[in-house]
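Heads up, the thing below is written out as structure tokens.
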Protein chains: 4
Amino acid sequence: MSTERNSPAGGTARDRTPNAARRSEASRRAILTAAFDLVGEVGYARLSIEGIAARAGVGKQTIYRWWPSKGAVLFDAVLMLAQDPGGGTAALPDTGDLAADLGLVLRATVDEFADPRFSEPLRALSTEIAHDPALARSYAERLDGPLREAKKDRLRSAQRVGDLPEDLDLDLAVDLIWGPLTARWLHRTGPLTHAFADALVAAALDGLRGAAAPGRDGTGRRE
Amino acid sequence: MSTERNSPAGGTARDRTPNAARRSEASRRAILTAAFDLVGEVGYARLSIEGIAARAGVGKQTIYRWWPSKGAVLFDAVLMLAQDPGGGTAALPDTGDLAADLGLVLRATVDEFADPRFSEPLRALSTEIAHDPALARSYAERLDGPLREAKKDRLRSAQRVGDLPEDLDLDLAVDLIWGPLTARWLHRTGPLTHAFADALVAAALDGLRGAAAPGRDGTGRRE
Amino acid sequence: MSTERNSPAGGTARDRTPNAARRSEASRRAILTAAFDLVGEVGYARLSIEGIAARAGVGKQTIYRWWPSKGAVLFDAVLMLAQDPGGGTAALPDTGDLAADLGLVLRATVDEFADPRFSEPLRALSTEIAHDPALARSYAERLDGPLREAKKDRLRSAQRVGDLPEDLDLDLAVDLIWGPLTARWLHRTGPLTHAFADALVAAALDGLRGAAAPGRDGTGRRE
Amino acid sequence: MSTERNSPAGGTARDRTPNAARRSEASRRAILTAAFDLVGEVGYARLSIEGIAARAGVGKQTIYRWWPSKGAVLFDAVLMLAQDPGGGTAALPDTGDLAADLGLVLRATVDEFADPRFSEPLRALSTEIAHDPALARSYAERLDGPLREAKKDRLRSAQRVGDLPEDLDLDLAVDLIWGPLTARWLHRTGPLTHAFADALVAAALDGLRGAAAPGRDGTGRRE
DNA sequence: GTATAATCGAGACGGTACGTCCCGTCTTAGT
DNA sequence: ACTAAGACGGGACGTACCGTCTCGATTATAC
């Protein structure tokens with residue numbers, strides 16, 4: 001876990017860094033589960049270290065020993081839940097139809113955002129990142145990073161088949177496609193629907209000058 | 001102020017609403033100024049009602065009487081500062097060159113985000129909105145609403161001169177242009193530069209399929 | 001009312017003393033009644049000027065204008081209730097049998113102390129007097145004073161018929177008879193019963209060396 | 001300390017009682033000392049938990065954890081100071097001359113009441129007891145109880161040598177001797193002097209019918 | 001009969017203290 | 001050694017009242 005202060009294989013004698021080898025895995029899981037559950041029940045504002053410790057049946061010090069902040073605990077909690085099934089991050093679908101694949105992914109994201117069980121912790125994590133640069137770094141490395149790479153992979157694949165220009169700035173592209181979604185989610189400036197996801201993909205791919213007009217086909221492709 | 005609980009001149013029978021007519025304007029301004037200054041100095045996490053009251057030379061109850069939460073105070077503080085000069089929201093520049101005008105505006109926004117004096121309170125407000133639906137409504141009505149309308153006005157003007165399709169979904173358009181900026185600002189997923197602002201405008205107008213290709217000029221115009 | 005800051009007939013021009021002539025009698029009675037009722041309902045500790053004002057349907061300033069303290073209000077409230085029936089203080093019974101008369105009075109006092117409706121306000125007033133010398137003076141002049149005089153009158157009558165020595169210190173005598181009762185009431189150091197009242201009268205009159213022995217008659221007289 | 005909520009070594013299942021074994025003795029003493037000092041400096045009315053905590057260099061919760069009320073703190077403070085020298089309560093002097101011994105004790109009490117350093121806290125405690133039955137119970141068990149027993153011991157000694165009747169109600173006797181003193185102290189209904197102490201002893205022992213007569217000696221003994 | 005001036009109800013204000021929650025540190029036992 | 005437990009000094013919460021200070025709106029003399 002990147003937010004944890006591990007000693008890199010044991011730690012030397014006069015080391016204030018805790019010895020990760022002796023760490024209780026049961027407590028770790030109990031803490032993360034408790035944190036994830038609690039943030040869904042009472043919200044991030046009312047989430048407290050004491051509450052997590054009590055729910056997890058754990059001493060407060062056990063939390064303070066391994067995590068630097070409430071946000072870091074939540075981060076690992078989200079990370080645990082996100083990676084529970086497989087080991088690595090799944091790749092985006094690649095059927096050859098870029099717009100369709102992106103639409104599929106964005107519609108799935110819209111669904112996730114609609115489920116409070118996932119939305120609440122994620123929202124909390126998102127806003128915590130905005131205030132905590134250290135957490136933002138962890139986020140960039142361990143959560144957003146791999147996901148963004150997967151997104152870029154799909155775009156590279158599109159470049160290979162000529163669906164996207166070769167000199168496209170992929171980071172800009174990812175932001176153009178997913179940025180509006182995140183912004184609308186966090187600020188609630190509009191409805192988060194499948195229709196929005198589809199229109200967003202079309203507009204991002206074809207631009208405002210030529211996209212999203214009714215009468216044009218759903219793939220957003222200009223003929 | 002939309003976050004304040006005004007009684008509409010008299011108040012109905014069983015009304016716990018304070019009498020807005022007797023409200024002290026001096027205290028109101030002192031509180032908002034103190035809140036704005038403090039959030040810049042100590043950050044939102046360490047911003048406290050007690051701190052605001054002490055700085056403003058005001059009793060805590062005077063804050064609790066007129067605002068429901070710390071976020072609401074900050075909201076009004078930002079609103080006051082935002083509207084201090086003129087009365088209404090300024091319109092976007094309209095030189096006839098849509099891409100240039102948008103670039104100008106986004107570059108200015110990038111500059112604002114780079115100034116901690118404005119960035120810190122705005123960031124705090126942004127994340128508070130994510131958790132507080134009541135605040136989000138105020139935001140939609142009094143801060144984002146007018147600004148979004150100004151943005152749409154500029155886009156409508158572009159529609160009138162044929163720069164944008166007549167059937168364009170303007171809310172989608174606004175999100176496509178400004179969403180990536182906000183997302184990158186909040187999540188720090190990439191550098192916030194003038195170059196990014198320009199590339200974003202180009203990509204949004206022309207789409208990923210047709211943007212940022214060599215040989216095309218920086219305005220993002222297709223020939 | 002001795003605790004009120006009257007201007008002695010009108011008050012001169014630049015006088016901050018309120019003009020008692022213009023005083024609202026209705027408000028005064030409402031305040032005293034509210035104070036008396038409230039102290040019985042919530043106890044003296046939770047009795048507040050705001051509470052009295054609200055219950056009496058009166059502005060807070062009206063209380064602060066006429067009384068210097070919470071205790072002073074309560075004092076007048078008790079005084080009002082105590083003097084409601086007649087105008088002056090009633091004399092003690094005088095049948096010629098001192099012990100019997102005193103026993104009657106003390107038994108009545110015991111009954112009063114047992115009734116929370118009178119006991120609570122009185123207890124509050126009693127303890128307030130212990131801390132507030134100004135209130136103690138009012139108490140001495142207007143409540144305890146007349147009562148003590150009545151008690152001394154009865155003792156003087158006994159002196160006249162030879163039941164008590166002519167050179168008896170009457171203040172000491174009053175304290176010896178009523179002091180133990182008050183002390184036991186305030187400190188709850190023992191049961192407050194009619195039996196105690198009788199035994200107290202006997203012991204006070206005849207002394208510990210010769211009093212309160214079973215087999216002697218209830219009047220406490222030695223044969 | 002009787003006002004503290006001890007868990008008897010371990011505590012039973014559903015126990016919200018703090019673990020007395022881990023209690024900080026230093027904090028306890030600092031709190032009691034601060035309370036005692038403050039009540040002498042500012043009076044009981046202005047004595048606050050916050051003030052005690054600040055003076056003692058202690059968190060407020062540490063006070064709320066171990067004492068249920070401001071009065072309970074003061075009670076323990078008085079108790080600590082009262083018992084500081086020896087372990088148990090000192091016995092009353094017993095020279096064989098009851099009146100002389102009682103006079104000595106009462107004169108000493110009069111002196112204590114005259115010293116604000118002791119009088120103020122005691123007065124506060126006394127009035128607090130009048131309102132708080134729980135505190136009254138503690139008082140009866142730990143402060144008044146042992147003292148009253150010592151008083152009764154002296155009276156029993158007098159009974160043994162024939163100075164007092166064998167069937168005397170000792171509780172009544174104690175109240176008759178000390179009650180007038182306490183009453184006059186709390187209500188300030190008369191001067192608290194050595195002369196009063198002596199006259200009180202004489203009157204209590206010999207009764208109003210036979211006391212304070214000229215020709216009788218100051219010891220209050222009847223010939 | 002009107003001025004005119006004080007009191008009245010109401011309640012906002014700058015404050016103090018309340019009793020609670022939680023912070024992050026530290027200590028003690030137990031495994 | 002790490003753990004569960006939780007006491008500790010501290011900071012802030014949101015509430016209740018304090019006593020002071022305006023506000024109109026009644027009154028009740030004094031012109």
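By convention in this document, chain letters (A, B, ...) are assigned in the order of the sequence lines, proteins followed by strands, and residues within each chain are numbered from 1.
A sub-4.0 Å separation between OP1 or OP2 of F:dG9 and a side-chain N or O of D:Ser27 is present. At F:dC8, one or more side-chain N or O atoms of D:Trp66 fall inside 4.0 Å of OP1 or OP2 (strictly under the cut-off). Contact annotation: D:Ser24 does not reach the phosphate of F:dA7 (side-chain N/O to OP1 or OP2, under 4.0 Å). OP1 or OP2 of F:dT3 lies within a sub-4.0 Å distance of a side-chain N or O belonging to A:Arg65. In this structure, D:Trp67 does not reach the E:dG19 phosphate: none of its side-chain N or O atoms is under 4.0 Å from OP1 or OP2.
The distance between atom CG of C:Asn19 and atom P of E:dA6, rounded to the nearest whole Å, is 9 Å. Straight-line distance from the CZ atom of D:Arg28 to the C1' atom of F:dC8: 16 Å, rounded to whole Å. The interatomic distance linking B:Ile31 (CD1) with E:dA12 (P) rounds to 14 Å, in whole Å. The distance between atom CD1 of C:Ile63 and atom C1' of E:dG9, rounded to the nearest whole Å, is 12 Å. Atom-to-atom, OH of D:Tyr64 to P of F:dG9 comes out at 15 Å; the value is rounded to the nearest Å.
Ring geometry for C:Phe75 against C:Tyr139 counts as perpendicular: the plane angle is over 60°, on a 0 to 90° scale with 30° as the lower cut.
Put simply, CD1 on C:Ile129 and OG on C:Ser138 are 9.0 Å apart, with the number rounded to the nearest 0.5 Å.
The salt bridge (charged side-chain N to carboxylate O under 4.0 Å, His left out) contacts involving residues 37-47 of chain B comprise B:Glu41-B:Arg55, where partners must be two or more places apart or lie in separate chains.
Mapping D:Thr62 and A:Glu25 onto DNA chain F by nearest heavy atom places A:Glu25 at the nucleotide closer to the 5' end.
With sequence neighbours excluded, the residues forming a side chain to side chain donor-acceptor pair (under 3.5 Å) with B:Ser126 are A:His187, listed by chain and number. Partners of A:Ile49 by side-chain contact (heavy atoms from CB on, under 4.5 Å), not counting sequence neighbours, listed by chain and number: A:Ile63, A:Tyr64, A:Lys70. Under the side chain to side chain donor-acceptor pair (under 3.5 Å) criterion, D:Ser27 pairs with D:Ser24, not counting sequence neighbours. Under the side-chain contact (heavy atoms from CB on, under 4.5 Å) criterion, D:Ala56 pairs with D:Ala30, D:Ile31, D:Ala34, D:Val58, not counting sequence neighbours. Scored by the side chain to side chain donor-acceptor pair (under 3.5 Å) test, A:Lys60 finds A:Glu50 as partners (sequence neighbours excluded). Scanning for side chain to side chain donor-acceptor pair (under 3.5 Å) contacts around A:Glu120 gives an empty result, with sequence neighbours left out.
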Whether each nucleotide of nucleotides 21-31 of chain F has a protein heavy atom under 4.0 Å at its base (B), only at its sugar-phosphate (S) or at neither (-) is summarised, 5' to 3', as B-B---BB---

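A heavy atom closer than 4.0 Å to some atom of DNA chain F occurs in A:Gly57, A:Val58, A:Gly59, these being the qualifying members of residues 45-59 of chain A.
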